[in-house]
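Just so we're clear, the structure is a prediction, and the values are computed from it rather than from any experiment. So that the names make sense, note that chain A is the first sequence line, chain B the second, and so on, each numbered from 1.
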Protein chains: 2
Amino acid sequence: MDIRKFVLTTVLSVHIVMRSEERYLKDYDASRFASPIVTVDNVLFSLDNNELSVLLVKRANHPYQGTWGLPGGFIDMTLDESTRDTALRKLVEKTGVIPPWLEQLETFSGKYRDPRGWSLTTAWFALIARTDCQPHIESVSDAKWLPTHQLTQQTLAFDHGEIITHALNRLRQKTRYSLLPVYCLAEEFTLTQLQEATEIILGQAIQRKSLIRRFEASGMFEDTGKSKATGARKARLYRRKEGVDIHLFSRNLLNDTAE
Amino acid sequence: MDIRKFVLTTVLSVHIVMRSEERYLKDYDASRFASPIVTVDNVLFSLDNNELSVLLVKRANHPYQGTWGLPGGFIDMTLDESTRDTALRKLVEKTGVIPPWLEQLETFSGKYRDPRGWSLTTAWFALIARTDCQPHIESVSDAKWLPTHQLTQQTLAFDHGEIITHALNRLRQKTRYSLLPVYCLAEEFTLTQLQEATEIILGQAIQRKSLIRRFEASGMFEDTGKSKATGARKARLYRRKEGVDIHLFSRNLLNDTAE
DNA sequence: ATAATAGTGTCTCTGAGACAGTATGAC
DNA sequence: GTCATACTGTCTCAGAGACACTATTAT
């Protein structure tokens with residue numbers, strides 16, 4: 001960007017109208033000012049078949065009609081109290097359930113990212129266990145899971161490919177200093193499942209011992225008392241404690257791998 | 001939020017109009033749909049007099065006329081190619097210079113945060129050396145620096161107090177795993193200045209030795225060959241290397257202090 | 001010389017990496 | 001018993017915390 005034009009920009013002289021705020025608000029017409037197109041999009045990740053996938057929906061409307069894109073849409077100002085509500089509403093429409101992890105990713109904006117004109121989308125990043133949403137998704141014909149390693153082959157609407165890449169980086173980074181991948185697992189899970197989830201996301205093996213140390217130090221989990229057979233010795237089943245926040249560690253895993 | 005209402009929400013039946021995307025775009029009228037009020041705000045931090053301060057401007061217009069708030073405003077869709085441009089344009093208006101650090105913080109949205117109605121603001125987080133912008137700011141009567149420890153006493157427009165709190169948390173967190181505070185220093189700086197900046201931001205003393213280890217390991221800086229007298233032994237002056245990205249460390253400082 | 005600030009050497013301590021060793025359960 | 005998977009013990013190693021030590025310069 002050429003920033004010199006900004007340096008030369010002078011402060012606009014402000015026409016101060018002297019009237020009460022009350023009266024000002026009464027007369028205020030939100031449609032007076034040209035406004036960008038505002039949407040909300042979700043990057044929902046899930047694990048299955050040793051793959052990390054992202055949920056896509058086929059666009060029913062223009063622009064990019066028929067192209068795959070992220071599940072999202074316009075804010076419903078009567079239903080939604082914030083863009084978080086919009087994100088949740090759209091996710092529930094497509095998956096039938098509330099994802100156990102939802103955080104704001106980043107807002108993408110620009111003159112050229114939407115053919116209709118200047119646009120802005122607040123992107124959210126979510127995790128879910130595949131089994132918790134698979135039945136609902138299979139009932140909808142216009143939704144599919146895209147394995148992230150096929151991202152480059154798939155043409156996507158708008159800048160959704162770029163948004164997914166940002167979300168992937170965030171997921172990988174957070175996996176190095178938290179146990180975020182548990183939110184991709186079923187309610188009750190084994191340490192081996194958590195290890196596999198972590199390894200799929202990071203794309204490389206980790207030390208089980210390091211995972212166990214963190215698991216215990218986090219204080220986030222409790223033993224269900226149950227165990228699960230997987231062909232050999234039975235593995236203990238854990239669950240997340242009620243109302244416990246995610247624990248952030250002060251060191252990263254895999255700190256040899258350059259950032 | 002009551003999420004049951006979302007679970008009950010059914011997918012709207014989509015009226016698929018069969019016409020070419022080209023024709024669709026030609027007929028597209030962005031003002032057809034109700035849209036939230038969209039703005040961009042900046043949280044600009046700076047250090048002076050052993051204090052971390054944030055830049056505020058007195059609002060010239062309704063709503064909150066006369067109240068202090070963050071420097072920001074509407075997107076100019078002809079000037080700005082993205083909200084980053086909007087953020088920069090507003091910062092240059094108020095400070096006269098481009099800040100050496102600018103990153104997106106978060107987007108705040110909601111039905112009630114602006115009395116005019118449903119609104120959304122993309123907040124940006126910036127750092128600058130006080131000396132680089134002080135002359136310009138002093139020439140503008142409607143701008144001031146608010147020391148962050150006085151945040152609770154100051155009434156601010158909209159949810160700007162909350163936004164500043166988020167930015168502060170981000171700054172403190174990043175200071176623990178990077179050398180972000182250098183962006184609050186002049187072009188040429190001493191290690192002691194960097195240490196003091198870090199300590200002001202974190203609100204506690206750090207080990208100079210740890211800072212030096214990180215400083216050397218980061219590869220971000222070069223010796224200017226010059227040095228600066230401060231009353232006793234002269235301190236070496238360093239500067240940031242041209243075009244070098246910020247280095248992220250794999251461990252945090254102060255990891256005793258609970259997250 | 002003294003005081004003050006700049007910078008070094010080196011020990012401890014935490015937690016990740018590595019990997020050998022033990023436990024459990026299906027067959 | 002064997003074999004596969006689950007789990008533990010314990011060593012090494014990087015880098016933060018702590019703090020004593022040396023270096024430089026104005027007075």
Subject >> side chain to side chain donor-acceptor pair (under 3.5 Å) partners for Arg213(A), two or more places apart >> reply: Ser210(A)
**OP:** Assign each of Ala235(B) and Phe249(A) to its nearest nucleotide of DNA chain C by heavy atoms, then name whichever residue's nucleotide is nearer the 5' end.
**Re:** Ala235(B)
Subject >> Nearest-Å distance for atom pair NZ/P, residues Lys228(A) and dG25(C) >> reply: 16 Å
Subject >> Phosphate contact (dA16(C) OP1 or OP2) by Gln207(A) side-chain N/O below 4.0 Å >> reply: no
**OP:** Would you give the length of the straight line joining atom CG of Leu180(A) to atom CZ of Phe125(A), rounded to the nearest 0.5 angstrom?
**Re:** 5.0 Å
Original post:
Hey, does Thr190(A) reach any base, or is it just sugar-phosphate, or nothing, if we go heavy atoms under 4.0 Å?
Top reply: nothing
Original post:
Under 4.0 Å: is that the gap between some side-chain N or O of Arg214(B) and OP1 or OP2 of dA16(D)?
Top reply: yes
Original post:
So, is Arg251(B) near the phosphate of dA14(D), with a side-chain N or O under 4.0 Å from OP1 or OP2?
Top reply: no
Original post:
Any donor-acceptor pair under 3.5 Å joining the side chain of Lys209(A) to the base of dG9(D)?
Top reply: yes
Subject >> Distance in angstrom units between Lys226(A) NZ and dA6(D) P, rounded >> reply: 18 Å
Subject >> Pair of N/O donor and acceptor under 3.5 Å linking dG17(D) base with Arg213(B) side chain >> reply: yes
Subject >> Base dA23(D) paired with Arg233(B) side chain (donor-acceptor, <3.5 Å) >> reply: yes
**OP:** Would you give the length of the straight line joining atom CZ of Arg214(B) to atom CZ of Arg251(B), rounded to the nearest 0.5 angstrom?
**Re:** 9.5 Å
Original post:
Of all the choices, dT25(D), dG17(C), dC7(D), which nucleotide is nearest to the side chain of Leu254(A) once you look at every atom?
Top reply: dG17(C)
**OP:** Send over the distance from Ile212(A) CD1 to dG21(C) P, rounded to a whole Å.
**Re:** 18 Å
Original post:
Rounded to whole angstrom units, what separation is found between the CG atom of Leu253(B) and the P atom of dA18(D)?
Top reply: 11 Å
Subject >> First encountered from the 5' end of DNA chain D, between Arg236(A) and Ala232(B) >> reply: Arg236(A)
Original post:
Quick one: Asp223(A) CG to dC7(D) P, roughly how many Å, whole number?
Top reply: 9 Å
Original post:
Within this structure, what is the CZ-to-C1' distance between Arg208(A) and dT8(D), rounded to whole angstrom?
Top reply: 11 Å
**OP:** Rounded off to whole Å, could you give me the CG-to-P distance for the Leu179(B) and dG15(D) pair?
**Re:** 14 Å
Original post:
When you measure from the centre of the six-membered ring of Phe108(A), is the NZ or CZ of Arg113(A) under 6.0 Å away and within 45° of the axis?
Top reply: no
**OP:** Report which part of the nucleic acid Ser250(B) touches: base, sugar-phosphate, or nothing (heavy-atom distance under 4.0 Å, all strands).
**Re:** nothing
Original post:
Can you tell me how far C1' of dA6(D) sits from CD of Glu196(A), to the nearest Å?
Top reply: 12 Å
Original post:
Do other residues, nucleotides or ligands put more than 12 heavy atoms under 6.0 Å from Asn50(A) CG?
Top reply: no
